[in-house]
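Input: a single structure, listed below in structure tokens.
Reckoned from all heavy atoms, side chains included, excluding hydrogens, waters and symmetry mates.
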Amino acid sequence: MSENIRKWPLWAGIDLVLIVLFALLGRREHEHALSISGILFTALPFLIAYLIMTLISRPWVTINRLWPTGVLVWLGTVALGLALRVAMNSTAALPFIIVTVLALGLFLMGRRLVCKLVALRSVKK
């Protein structure tokens, strides 16, 4: 467990970068300015939501788990992030919600799946 305690901030940092990448790709796709402040403003509600969901999930133990923690962090990040986005006077139309669920699912769950597959492969060696 001491190894997980030391490495969980790295994995959380990777997740945060993936959330910023989600915002960057969305802004680029919709031809919004790709300024650092614009990207961070778009990502901010989801970054806050991710941090909250991750910290309540005991990340030093669960940061790479797919089930149930990964699913809860993913869906919680989407739900709370969308709520925060609306509270910050931004829109959350149905197509955006769908893209958010799919993209953050791919990024957050995909990263965990890769970690699981690498861990399984290293155990088999």
Side-chain angles (χ1 to χ4, degrees):
M1 181 160 109
S2 63
E3 186 174 334
N4 288 338
I5 290 172
R6 285 179 287 165
K7 289 187 177 180
W8 79 264
L10 170 68
W11 295 116
I14 291 170
D15 286 342
L16 292 171
V17 168
L18 290 169
I19 292 169
V20 171
L21 179 62
F22 159 71
L24 183 145
L25 293 173
R27 290 183 66 83
R28 188 191 74 186
E29 184 65 27
H30 294 285
E31 299 179 1
H32 292 291
L34 293 180
S35 66
I36 297 294
S37 62
I39 294 165
L40 290 177
F41 182 77
T42 300
L44 185 62
F46 300 100
L47 294 171
I48 293 168
Y50 171 81
L51 289 171
I52 291 168
M53 295 307 298
T54 297
L55 291 174
I56 64 174
S57 73
R58 300 179 353 176
W60 54 92
V61 177
T62 64
I63 194 75
N64 288 327
R65 289 190 185 160
L66 284 165
W67 179 259
T69 308
V71 172
L72 294 173
V73 168
W74 160 43
L75 295 177
T77 297
V78 169
L80 183 55
L82 288 169
L84 290 170
R85 181 177 165 87
V86 170
M88 295 170 68
N89 294 322
S90 291
T91 62
L94 183 59
F96 179 77
I97 294 169
I98 293 168
V99 168
T100 301
V101 169
L102 295 175
L104 289 180
L106 175 67
F107 286 168
L108 297 177
M109 296 301 288
R111 199 260 321 144
R112 285 164 175 77
L113 181 61
V114 168
C115 287
K116 182 172 182 70
L117 294 174
V118 168
L120 289 173
R121 186 171 181 183
S122 67
V123 167
K124 289 181 181 179
K125 287 185 175 182

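Under the salt bridge (Lys or Arg N to Asp or Glu O under 4.0 Å) criterion, Arg85 pairs with no residue, sequence neighbours left out. By the side chain to side chain contact (heavy atoms under 4.5 Å, CB included) test, Leu51 is found to be paired with Leu16, residues two or more places apart in sequence or in another chain being considered. By the side chain to side chain contact (heavy atoms under 4.5 Å, CB included) test, Ile52 is found to be paired with Ile48, Leu80, residues two or more places apart in sequence or in another chain being considered. Not counting sequence neighbours, the partners of Leu40 by the side chain to side chain contact (heavy atoms under 4.5 Å, CB included) test are Val20, Ile36.
In this structure, Arg121 CZ and Leu117 CG are separated by 10.0 Å, a value rounded to the nearest 0.5 Å. Distance check, rounded to the nearest 0.5 Å: CH2 of Trp8 to CZ of Arg58 gives 13.0 Å. Note that the CG atom of Leu25 and the CZ atom of Arg28 stand 5.5 Å from one another [nearest 0.5 Å]. A distance of 10.0 Å separates SG of Cys115 from NZ of Lys7, quoted to the nearest 0.5 Å. With rounding to the nearest 0.5 Å, the separation of CD1 in Ile19 from OG1 in Thr77 is 5.5 Å. Leu102 contributes atom CG, which lies 12.0 Å from atom CD1 of Ile97 (distance to the nearest 0.5 angstrom).
Closest heavy-atom contact between Leu72 and Met53: O-CE, 3.6 Å. When all heavy atoms of Ala49 and Gly76 are compared, the pair lying nearest together is CB-O, 4.4 Å.
Tracing side-chain contacts under 4.5 Å through hydrophobic residues (I, L, V, M, F, W, Y), one never reaches Phe107 starting from Ile98; they form parts of separate clusters. Under a hydrophobic clustering in which Ile, Leu, Val, Met, Phe, Trp and Tyr are joined whenever their side-chain heavy atoms come within less than 4.5 Å, directly or via other members, Val78 and Leu113 fall into the same cluster. Connection of Phe96 to Leu44 is not established within any shared hydrophobic cluster, with ILVMFWY side chains joined at heavy-atom distances below 4.5 Å, either directly or through further cluster members. Cluster annotation: Trp74 is connected to Leu106 through the hydrophobic network of ILVMFWY side chains, with a link wherever side-chain heavy atoms come within less than 4.5 Å. Transitive grouping of hydrophobic side chains (ILVMFWY, heavy atoms separated by less than 4.5 Å) brings Ile14 and Leu66 into a common cluster.
Ser35 contributes a side-chain N or O that, together with a main-chain N or O of Gly38, makes up a donor-acceptor pair within less than 3.5 Å. Of the possible donor and acceptor atoms, none in the side chain of Trp60 sits under 3.5 Å from a partner among the backbone N and O of Pro9.
Of the options Ile63, Ile56, Val61, a side chain to side chain contact (heavy atoms under 4.5 Å, CB included) to Pro59 is made by Ile63 and by none of the others.
Annotation: ring-ring contact (aromatic ring centres under 6.0 Å, His included) contacts involving residues 32-58, sequence neighbours excluded, comprise Phe22-Phe46. Each side-chain hydrogen bond (donor to acceptor under 3.5 Å, both in side chains) pair with one or both residues in residues 99-118, not counting sequence neighbours, appears once here: Asp15-Arg111, Asp15-Arg112, Asn64-Arg111.
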